[in-house]
Amino acid sequence: MKTIKTIALVTILIATFSLSNAQETKAQTDTEAVIAVMKTYKDAIQNLTTEGTFNLFAEDSEVFESGGVEGTYAHYIEHHLGPELGEFKSFAFSDYEIDAKVDSPYAFTTETYIYTIVLNPNDKGETRTIRKKGVATSVLKKMDGEWKIIKTHTSSRNTK
């Protein structure tokens with residue numbers, strides 16, 4: 001009888017360990033997927049495009065930037081970021097770091113970085129460079145098996 005109890009206990013421990021490992025692996029996979037969404041968005045902006053970014057956001061997403069309510073991502077692109085990108089010669093992120101925490105079906109990210117924007121030349125052929133320290137916080141939700149940004153807020157300040 002003692003042997004049967006020992007076998008049952010070992011079986012339970014193995015099953016619990018396997019379940020714990022499976023949950024840990026799923027959490028790691030979700031974290032990697034969330035980070036991939038955020039980096040895809042960052043890379044698109046660096047490439048001065050919004051192509052391929054609309055599928056990263058929920059249709060009813062909310063965008064907040066430096067004290068302003070920008071509306072949905074579609075509205076933000078049409079009325080703010082889209083026109084701005086056309087004025088940029090380059091947009092580069094440096095010192096980029098991201099932290100992601102997953103609590104399914106939601107995920108929370110914090111990105112810190114320095115961004116450098118070089119504006120297109122003006123009528124006199126002069127360019128201007130803007131360099132700022134930035135931070136972004138975003139909330140994502142897993143919808144139909146895909147992580148979508150539902151809220152994002154960015155702010156910046158002058159670098160020292």
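Computed from a predicted model, the values in this text were never measured in an experiment.
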Check your understanding: Of T109, L56, T53, N55, which is the lone residue that meets side-chain contact (heavy atoms from CB on, under 4.5 Å) with V37?
Key -> L56

Is any side-chain heavy atom of [X] less than 4.5 Å from a side-chain heavy atom of [Y]?
X	Y	value
T50	L85	yes
V139	T152	no
T137	F64	no
K124	N122	yes
I117	T129	no
H80	E65	yes
T127	L119	no
K133	R157	yes

**Study point:** Cationic tip of K42 above Y96 ring, under 6.0 Å, 45° of axis
**Key:**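 Yes, a cation-pi geometry holds between K42 and Y96.
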
With the 4.5 Å side-chain cut-off for hydrophobic clustering, are [X] and [Y] part of the same group?
X	Y	result
M143	I35	no
V135	Y41	no
I77	L48	yes
Y115	V118	no
L81	V63	yes

Point to revise | Side-chain donor or acceptor of S61 paired with backbone N/O of F57 under 3.5 Å | key: no

Check your understanding: Where the side chain of S104 meets the backbone of Y106, is there a donor-acceptor pair that is under 3.5 Å apart?
Key ->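 Not a single qualifying donor-acceptor pair exists.
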
What are the two closest non-hydrogen atoms of [X] and [Y], and how far apart are they?
X	Y	value
S66	S155	OG-CA, 3.6 Å
A136	T154	CB-CG2, 3.6 Å
H153	G67	NE2-N, 4.4 Å
K132	S156	CD-OG, 3.5 Å
D30	K142	OD1-NZ, 2.9 Å
S94	R131	OG-NH1, 4.4 Å

**Study point:** Derivation and outcome, salt bridge (Lys or Arg N to Asp or Glu O under 4.0 Å), residues E126 and R128
**Key:** CA-CA 7 Å; E126 303 163 330; R128 190 178 102 180; over 6 Å; no

Review point. K148 and L140: side-chain contact (heavy atoms from CB on, under 4.5 Å), yes or no, with the steps?
Key: CA-CA 5 Å; K148 302 280 186 181; L140 294 83; over 6 Å; no

Interatomic distance, [X] atom [atom1] to [Y] atom [atom2] [nearest 0.5 angstrom]:
X	Y	atom1	atom2	value
E97	T112	CD	OG1	4.5 Å
F93	I45	CZ	CD1	7.0 Å
E32	K39	CD	NZ	10.5 Å
T72	E78	OG1	CD	9.0 Å
T49	E51	OG1	CD	5.0 Å
T159	I114	OG1	CD1	6.5 Å

Check your understanding: If you measure from the Lys or Arg side-chain nitrogens to the Asp or Glu carboxylate oxygens, is any gap between K101 and D103 under 4.0 Å?
Key -> no

Check your understanding: Can you list the steps and then say if E111 with M38 is a side-chain contact (heavy atoms from CB on, under 4.5 Å)?
Key -> CA-CA 9 Å; E111 299 165 285; M38 301 312 297; 3.5 Å; yes

